Number of protein chains: 2
Amino acid sequence: MTQPKKAPRPTGKNPAKSPVPRVRRTPEEARTLALTSARRLLLAEGPDAITLQAVAGDLGMSHTNLIHHFGSASGLQSELMRQMVSELTTTIESAVMRLRAGKAELKDFVDIVFDAFDRGGAGRLAAWMALTGESMHLAPIGEVVRDYIDSVERATDDEGGAAAIHERVTSATLFVTVAALGDAIIGNELRKMVGRERETVRKLMGTLLPAVLAPQPKGGGHS
Amino acid sequence: MTQPKKAPRPTGKNPAKSPVPRVRRTPEEARTLALTSARRLLLAEGPDAITLQAVAGDLGMSHTNLIHHFGSASGLQSELMRQMVSELTTTIESAVMRLRAGKAELKDFVDIVFDAFDRGGAGRLAAWMALTGESMHLAPIGEVVRDYIDSVERATDDEGGAAAIHERVTSATLFVTVAALGDAIIGNELRKMVGRERETVRKLMGTLLPAVLAPQPKGGGHS
DNA sequence: GTTCTTATTGAGAGTGTTGTCAATAGTGAC
DNA sequence: GTCACTATTGACAACACTCTCAATAAGAAC
């Protein structure tokens, strides 16, 4: 970091001005740094904190450099959304693979989905996208959810017919995903209010999900 | 352009110009109008759309008038939060009353909670507060949730001891609230992706909640 | 060394939002 | 009628954010 001062070339005007040493990064490194900082700001202060000035100030670079790398402020935000959704989907996809291969149980899958929405603020980001109308970035989640449904359908025994199975699996999928998102957003606050530990909701979901997927022995109101 | 001397403030100096008729409202009416507009903007375009200029433009008044009534922009936002949280809690409170009086079943209660988070964008608002760190406004929700827990505990049969009952009830409460919030935020999007109808998640919750509250015949996860 | 590419920067314009301030205009009280 | 109160307004200042532009500098290629 501490480099000896080279011959300052302050355009021949102010010879005493220090030339503000520059760090020159590779484009990938600069983008990675910016996205990391933006994510940290998102988690710490909310979506509105992700501005070019805030990210640039956090990294000690000029905000114009961020425009150079991402094209615009919305370019940076879109890239952050894309990256976080990508991480979310790949995490869930790997869990789907294990479930499909019979190497994981439903309870583990619930844990993975909850963790995926919690880790790195993915749930908060998804909520932000849904709130601001940027739901097109959520499309990959829809794909992996459909993939998940497909895998669970194969892993489920065939009683009751394909239609009934599909209904149960889609219901269970919506249930898990919605609960995981809600838990990531407001779970901590609510748990503090009632004095419960962190894994409460996901544990309950893990015990209930098999009952949802199992063929209902008793018609519990189909309407 | 160049007025050489003091020009009397141009008011009414043009006899043909219509003097832009003012509507004078009562303070309550002005505040109600502003809050209604702000809520509409929140639902339509997201939290960032709630600006003084946007609300004022929507109502056809000047933004300074909003400052006059709410003190500041954050005053308007805080008042909106307070109002919506108040509606949410009163709705749930009335449901708690009916549940406490034995005039409603758990399934109805689930419907009411889900509707409360959905109606008027209360769920979106709660997510906004959680995201922006304004979670102090969520405190009334905590109170009504504790009230709810108390009422359900009374309505539950006493098998298993008070501690076990309390654990089951708080778990169920967290479960319902978290799922209702997640459903309000992202439920519509996810349902569109997998092609399910609107009541899917809440219906599932209604069928599962009695099992959560019932004494578990088998000791589940201990940790 | 020289040259080229480009990451990086500062200055500045343009826009949007919040807020201040004095002036205006309804409305009721007198 | 006059007066007081205040809801309402326009003009303006201050600030934050985005983005353009020309200039600079770090490193690679030669």
Side-chain angles (χ1 to χ4, degrees), chain A residues 1 3-15 17-34 37-38 41 45-79 132, chain B residues 1 3 6-15 17-34 37-38 41 45-79 132:
Chain A
M1 295 295 275
Q3 288 188 350
K5 294 197 172 182
K6 295 174 182 164
R9 180 59 63 183
T11 69
K13 280 192 157 200
N14 202 336
K17 192 72 71 62
S18 60
V20 183
R22 297 184 183 182
V23 272
R24 188 186 179 96
R25 293 159 275 249
T26 65
E28 302 81 44
E29 188 180 356
R31 291 171 61 93
T32 301
L33 282 173
S37 171
L41 284 171
E45 305 176 41
D48 292 341
I50 307 179
T51 66
L52 293 179
Q53 292 184 345
V55 174
D58 186 40
L59 295 176
M61 66 171 56
S62 66
H63 74 277
T64 45
N65 201 20
L66 296 175
I67 296 180
H68 171 71
H69 284 295
F70 293 95
S72 65
S74 61
L76 169 62
Q77 294 182 358
S78 292
E79 183 61 20
T132 55
Chain B
M1 297 300 189
Q3 278 104 355
K6 75 179 260 293
R9 284 299 88 199
T11 302
K13 69 184 173 84
N14 200 336
K17 191 71 68 62
S18 59
V20 185
R22 295 186 184 181
V23 273
R24 189 185 177 96
R25 292 159 276 248
T26 66
E28 302 81 44
E29 187 179 357
R31 290 170 62 92
T32 301
L33 283 174
S37 171
L41 284 171
E45 304 174 41
D48 293 339
I50 307 180
T51 66
L52 293 178
Q53 291 186 343
V55 174
D58 185 40
L59 295 176
M61 66 170 55
S62 65
H63 79 278
T64 46
N65 201 20
L66 296 175
I67 296 181
H68 170 72
H69 284 295
F70 294 94
S72 65
S74 60
L76 169 61
Q77 294 181 359
S78 292
E79 184 60 23
T132 55

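If you're wondering where the values come from, they're calculated on a predicted model, not measured in any experiment. Proteins come first, then strands; the chains are lettered A, B, ... in the order of their sequence lines, and each starts at number 1.
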CG of A:Asn65 versus C1' of D:dT18: gap in Å, rounded? 15 Å
Quick one: salt bridge (charged side-chain N to carboxylate O under 4.0 Å, His left out) pairs with a partner in residues 65-78 of chain B, sequence neighbours left out? none
Give me the distances for all protein-to-nucleotides 27-30 of chain C N/O pairs that come in under 3.5 Å?
none

Sequence neighbours excluded, which residues qualify as salt bridge (Lys or Arg N to Asp or Glu O under 4.0 Å) partners of B:Arg25? none
B:His68 side chain near D:dT8 phosphate (N/O to OP1/OP2, under 4.0 Å): no
In whole angstroms, how far is the P atom of C:dT5 from the CZ atom of A:Arg25? 23 Å
At what distance, to the nearest 0.5 angstrom, does OG1 of B:Thr26 lie from CD of B:Glu29? 5.0 Å
CD1 on B:Ile50 to CG on B:Asp58, rounded to 0.5 Å: 11.5 Å
Nearest whole angstrom, please: distance from the P of C:dG26 to the CE of B:Met61. 15 Å
What is the distance, rounded to the nearest whole Å, between atom NE2 of B:His69 and atom P of D:dA7? 6 Å
Quick check for you: to the nearest 0.5 Å, what is the distance between B:Leu52 atom CG and B:Gln77 atom CD? 8.0 Å
With sequence neighbours left out, what residues match B:Asp48 under salt bridge (Lys or Arg N to Asp or Glu O under 4.0 Å)? none
Base contacts versus sugar-phosphate-only contacts with protein, heavy atoms under 4.0 Å: please encode nucleotides 17-22 of chain C as B, S and - from 5' to 3'. BBBB--
What integer distance in Å separates B:Arg22:CZ from C:dA23:P? 13 Å
Under the 3.5 angstrom rule, does the side chain of B:Thr32 hit a backbone N or O of B:Glu28 as a donor-acceptor pair? yes
Output side-chain donor-acceptor pairs under 3.5 Å for residues 67-74 of chain A, partner residues at least two apart or in another chain, one line each.
from: A:Ser72; atom 1: OG; to: A:Ser74; atom 2: OG; distance (Å): 3.1
from: A:Ser72; atom 1: OG; to: A:Gly75; atom 2: N; distance (Å): 3.1

Could you state the CG-P distance from B:Leu66 to D:dG10, rounded to the nearest angstrom? 13 Å
